[in-house]
Amino acid sequence: MRKRVSLIACTALIACAQAVAAGNKEETGKDIAFDRSRGNCLACHAMPTLPDAEQPGNSGPPLIAMSARFPDKNTLRAKIHDATAGNPDSFMPPYGKHGVLTEEELGKVVDFVYGL
Amino acid sequence: MKHGPLPLIMAVVAALLGVAPASAGPEDDRLKVVNHFKSKYPDIRMETYVLGALAFDADARLQYDSVMQFPPFVAELERGERLWRAPLKSGKTYADCLPNGGRMIAGNYPMFDESRGRVVTLEDLVNDCRAANGEAPYEYADPATMGVLTAYARTLSDGMRMNIRVEGPAALQAYEDGKKTFYARVGQLNFSCGHCHVDNAGNRLRSELLSPVIGQSAHWPVFRGGDNLVTLQGRYVECFRLMRHVPDKPGSIRFNNLEYFHSYLSNGLELKASVFRK
């Protein structure tokens with residue numbers, strides 16, 4: 001509630017709005033994964049356990065039961081870092097290798113996907 | 001023994017001419033793609049692919065059919081027709097300088113022009129005609145001039161079948177260059193045209209159905225949202241951006257070669273110019 005109030009109080013001031021974006025609300029792995037201009041994972045993957053994962057594409061497999069299928073988080077990270085390493089024909093963008101996401105963003109996305 | 005070095009020399013000559021011995025040629029390339037779609041979507045007839053992504057979506061197809069009964073872009077086509085009929089400085093019209101009066105020809109383009117040693121598009125033909133008759137060339141990408149003019153001019157070829165020819169080593173080299181652009185992975189996202197419009201055609205990227213390369217060059221320009229004119233090479237620019245790759249200016253050698261290869265893959269399909277896209 002306090003956050004909402006401070007947000008409203010802030011809206012008039014651009015500097016303040018930026019402070020809110022950068023500070024108060026820390027960007028989550030989910031934010032990055034959903035963002036069309038960054039992860040945009042929904043372009044290709046359904047996330048059947050998330051009700052707000054709307055209108056997903058279907059060229060990649062649904063992301064579900066990830067921790068069971070990728071017990072080693074590093075394997076998951078490697079896949080997202082560069083899917084072409086294991087599958088040269090992969091349609092999936094090499095998020096880490098091509099710098100689509102920073103290492104830090106990649107880490108957050110991996111944590112998010114691991115929980116799916 | 002006498003002919004010993006000959007095959008080697010021929011191979012070297014072939015390599016210099018850019019004739020890739022590994023490829024069995026354009027018709028083989030086209031049939032491979034056709035067969036890919038035939039085996040993946042046995043129920044879809046080839047002719048349907050001129051509808052693009054609509055071939056995979058009956059609902060969107062119905063919407064399209066109803067929009068096309070009263071196309072929202074008739075005003076643009078009429079503007080194009082006025083440009084088409086207006087005499088150029090010399091007093092001649094486009095119909096005077098285009099082959100066959102400009103009728104039933106669009107399916108022959110892009111064409112490889114031996115005398116110029118390069119691919120010539122229908123847009124080049126328009127500008128050649130302008131230059132020969134005392135007019136300044138149009139900007140390839142300008143929707144208000146080249147766009148509406150070719151939108152109208154292409155309707156004069158509706159029903160013609162795509163008929164791109166690749167004859168001789170120089171033409172083959174231009175074709176191969178276009179093929180390379182089509183299949184090369186580029187940009188930050190590491191996609192090739194083929195990834196989206198061959199391998200994944202019929203799949204959805206988010207809610208966007210991916211159209212098949214077959215038929216893609218047979219219906220230009222498109223009117224997005226009803227009246228926003230997009231040329232074929234304008235669409236190349238958009239797709240380059242999707243790939244996060246720096247696009248060429250429409251009309252570049254690379255884009256013309258791409259259009260040459262890309263159009264070849266639609267050979268045999270009927271032209272239907274100026275269509276609606278959502």
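Chain letters run A, B, ... following the sequence lines, proteins first and then strands; every chain starts at 1.
Contact record, A:Ser37 with B:Arg244: O-NH2, 2.8 Å, taken as the closest heavy-atom pair.
Within 6.0 Å of the CZ atom in B:Arg61, the count of heavy atoms belonging to other residues, nucleotides or ligands does not exceed 12. Remark: B:Lys40 NZ is packed, more than 12 non-hydrogen atoms of other residues, nucleotides or ligands lying under 6.0 Å away. Counted within 6.0 Å of NZ on B:Lys180, heavy atoms from surrounding residues, nucleotides or ligands total 12 or fewer; the atom is thus considered open.
Proximity to chain B at a heavy-atom threshold of 4.5 Å picks out A:Asn40, A:Leu42, A:Ala43, A:Cys44 from residues 40-50 of chain A, in numerical order. Listed in order of number, the residues of residues 102-116 of chain A that approach chain B to under 4.5 Å between heavy atoms amount to none. Taking non-hydrogen atoms and a 4.5 Å limit, the residue list of residues 78-91 of chain A in contact with chain B, ordered by number, reads A:Thr84, A:Pro88, A:Asp89, A:Ser90, A:Phe91.
Annotation: ring-ring contact (aromatic ring centres under 6.0 Å, His included) contacts of B:His262 (sequence neighbours excluded): B:Tyr236.
No donor-acceptor pair closer than 3.5 Å links the side chain of A:His98 to the backbone N or O of B:Leu189. A distance-only check finds no donor-acceptor pair linking the side chain of B:Asn200 to the backbone of A:Ser59 [under 3.5 Å].
To the nearest 0.5 angstrom, A:Met92 atom CE is 11.5 Å from B:Asn190 atom CG.
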Please evaluate residues B:Arg204 and A:Gln55 with respect to the criterion side chain to side chain contact (heavy atoms under 4.5 Å, CB included), reporting the C-alpha separation (whole Å), side-chain torsions for both, the decisive distance (0.1 Å), and the verdict.
CA-CA 9 Å; B:Arg204 284 182 191 275; A:Gln55 295 201 302; over 6 Å; no

